[in-house]
*Asks:* 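Have a look at this one before I ask anything.
Both backbone and side-chain heavy atoms feed into the values below; hydrogens, waters and symmetry mates do not. On a predicted model such as this, the values are computed, not experimentally measured, just so you know.
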Amino acid sequence: MRLIKQCGVDLWAVVVVFYCPVAYSQDDTQYLDFTTNVTTLNQTVVRQGIEIDLNQLNELQSGQQISEVKKLLGEPVNIDTLTSRYEWEYNIIVPLETNNNHIVCQYKIIFSPQHQIRATQWRRDVCERLFNAALTPQSSANVSQTSSKTNPVTVDVEFEFNQFQLTEAGKLSLDKLVATLSSDYQNPVITLVGYTDYIGASQYNMRLSARRAETVKQYLSAHSIPIQSISTQARGADDPIVQCQGSERTSDVIGCLKPNRRVEVIVTEQL
């Protein structure tokens with residue numbers, strides 16, 4: 001159980017719905033709501049949202065990596081860590097069905113301990129309805145027909161601190177990817193992007209991230225993936241998935257930073 005102390009508001013025409021979440025289990029959420037006229041509230045309590053391509057948001061699917069979410073939506077406004085999952089919360093601008101007005105909606109993404117999308121949830125039913133109405137006809141029609149062959153697939157392969165050798169878990173992830181490539185792709189294009197955590201000199205981390213990407217490249221090549229279809233990039237400590245307190249090499253900091261020590265394997269189909 002947990003208690004969230006922060007509150008927010010939903011702006012709807014000239015009426016504001018003000019809510020405070022209360023303690024809830026991992027299976028359901030309860031909110032206490034009351035309404036008030038917008039003129040009675042200070043502007044600072046009106047939630048600000050981010051404006052994105054809702055069709056791209058619609059392409060987020062169960063099993064995708066946390067890094068893909070961050071690339072699309074940026075930093076969440078709130079992160080909750082539970083024993084079995086992570087929850088990221090965003091405030092997203094969704095257009096109304098008439099005029100040029102919009103509503104700011106709370107959108108939650110739930111991740112597994114492996115940093116993969118487990119589920120998504122809109123704060124209110126009206127937000128989900130408006131979101132679906134705002135999708136382009138082609139995106140809405142194709143949502144059930146989307147496959148990994150037409151959408152980029154991203155797999156994160158994690159590494160131990162200051163290492164570029166694959167772990168057993170990393171090999172297992174790549175073995176599954178090789179099987180998918182063999183069965184679902186005819187002309188795969190694979191981009192490997194290597195990363196480190198922020199501990200250490202930037203030049204050293206850049207070289208380490210390059211070696212990690214090269215390690216994955218050689219592993220895929222050794223498992224019958226054409227090496228000419230694979231390219232590598234080195235990003236060093238850029239684009240961290242998690243932020244951890246402390247700069248010392250303590251076991252807690254090193255453990256916290258593990259999701260940042262990775263190679264992103266991005267696969268698309270060459271049409």
*Asks:* What residues, two or more places apart in sequence or in another chain, satisfy side chain to side chain contact (heavy atoms under 4.5 Å, CB included) together with Asp175?
*Replies:*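 With neighbours one apart ignored, the set is Tyr219, His223.
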*Asks:* I'd like a table of donor-acceptor pairs (distance under 3.5 Å, sequence neighbours excluded) in which one partner is a side-chain atom from residues 231-239, with atom names and distances.
*Replies:*
unit_1	atom_1	unit_2	atom_2	d
Gln233	OE1	Arg235	NH2	2.8
Arg235	NH1	Tyr195	OH	3.2
Arg235	NH1	Asp239	OD2	3.4
Asp239	OD2	Tyr195	OH	3.3

*Asks:* Answer yes if Leu192 and Val178 sit in the same cluster of Ile, Leu, Val, Met, Phe, Trp and Tyr residues linked by side chain heavy atoms under 4.5 Å apart, and no otherwise.
*Replies:*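 Both belong to a single hydrophobic cluster.
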*Asks:* Is it the case that one hydrophobic cluster holds both Ile254 and Leu257, taking links as side-chain heavy atoms less than 4.5 Å apart, direct or via other members?
*Replies:*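 Yes.
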*Asks:* Determine whether more than 12 heavy atoms belonging to other residues, nucleotides or ligands lie under 6.0 Å from atom CD of Gln165.
*Replies:*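 Check passes, neighbour count above 12.
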*Asks:* Any chain of hydrophobic side-chain contacts (each under 4.5 Å) joining Val263 to Val267?
*Replies:*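 In one cluster with Val263: Val267, yes.
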*Asks:* How would you list, by chain and number, every residue that makes a side-chain hydrogen bond (donor to acceptor under 3.5 Å, both in side chains) with Gln56, sequence neighbours excluded?
*Replies:*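 With sequence neighbours excluded, Gln56 shows a side-chain hydrogen bond (donor to acceptor under 3.5 Å, both in side chains) to no residue whatsoever.
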*Asks:* Val216 and Leu177: same hydrophobic cluster, using ILVMFWY side-chain contacts below 4.5 Å?
*Replies:*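 Yes, one cluster joins them.
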*Asks:* Applying salt bridge (charged side-chain N to carboxylate O under 4.0 Å, His left out), name anything that partners Glu160, two or more places apart in sequence or on another chain.
*Replies:*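 Lys258.
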*Asks:* Sorted by first residue and then second, give each ring pair (Phe, Tyr, Trp, His ring centres under 6.0 Å) pair with at least one member in residues 158-181; sequence neighbours left out.
*Replies:*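 Ring pair (Phe, Tyr, Trp, His ring centres under 6.0 Å) check on residues 158-181 returns no pairs.
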*Asks:* Please identify each residue that fulfils ring-ring contact (aromatic ring centres under 6.0 Å, His included) with Trp122, with sequence neighbours left out.
*Replies:*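 Here the qualifying residues are Tyr107, Phe131.
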*Asks:* The criterion is side chain to side chain contact (heavy atoms under 4.5 Å, CB included); which residues satisfy it with Ile50, sequence neighbours excluded?
*Replies:*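 Result, side chain to side chain contact (heavy atoms under 4.5 Å, CB included) vs Ile50: Ile52, Leu73, Tyr90, Ile92.
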*Asks:* Could you tell me which residues satisfy side chain to side chain contact (heavy atoms under 4.5 Å, CB included) with Leu60, sequence neighbours excluded, listed by chain and number?
*Replies:*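 Leu57, Gln64, Val69, Leu72, Ile109, Ile117.
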*Asks:* On a heavy-atom basis, which atom in Pro188 and which in Ser229 lie closest, and how many Å separate them?
*Replies:*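 Taking every non-hydrogen atom into account, O-CB, 3.4 Å.
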*Asks:* Got more than 12 heavy atoms from elsewhere within 6.0 Å of CD, Gln163?
*Replies:*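 Correct, the count exceeds 12.
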*Asks:* Look at the side chain of Asn55 and the backbone N and O of Leu135, then say whether any donor-acceptor pair between them is shorter than 3.5 Å.
*Replies:*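 No.
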*Asks:* Salt bridge between Glu68 and Lys71, side-chain N to carboxylate O under 4.0 Å?
*Replies:*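 No, no charged N to carboxylate O under 4.0 Å.
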*Asks:* Could you list the residues that satisfy side-chain hydrogen bond (donor to acceptor under 3.5 Å, both in side chains) with Arg262, not counting sequence neighbours?
*Replies:*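 Here the qualifying residues are Glu264.
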*Asks:* Going by the rule side-chain hydrogen bond (donor to acceptor under 3.5 Å, both in side chains), which residues pair with Asn205 if we only count those two or more places apart in sequence or in a different chain?
*Replies:*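 For Asn205, no residue satisfies side-chain hydrogen bond (donor to acceptor under 3.5 Å, both in side chains) once neighbours in sequence are set aside.
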*Asks:* Show every disulfide bond (SG atoms under 2.5 Å apart) that has at least one partner inside residues 188-244, sequence neighbours left out.
*Replies:*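 Qualifying pairs: Cys244-Cys256.
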*Asks:* In chain order, what residues pass the side-chain hydrogen bond (donor to acceptor under 3.5 Å, both in side chains) check against Glu158, with sequence neighbours excluded?
*Replies:*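 Partners of Glu158 under the side-chain hydrogen bond (donor to acceptor under 3.5 Å, both in side chains) test: none.
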*Asks:* Between Val157 and Lys171, does the side chain to side chain contact (heavy atoms under 4.5 Å, CB included) criterion hold? Intermediate values first, please.
*Replies:* CA-CA 8 Å; Val157 180; Lys171 292 178 182 179; over 6 Å; no
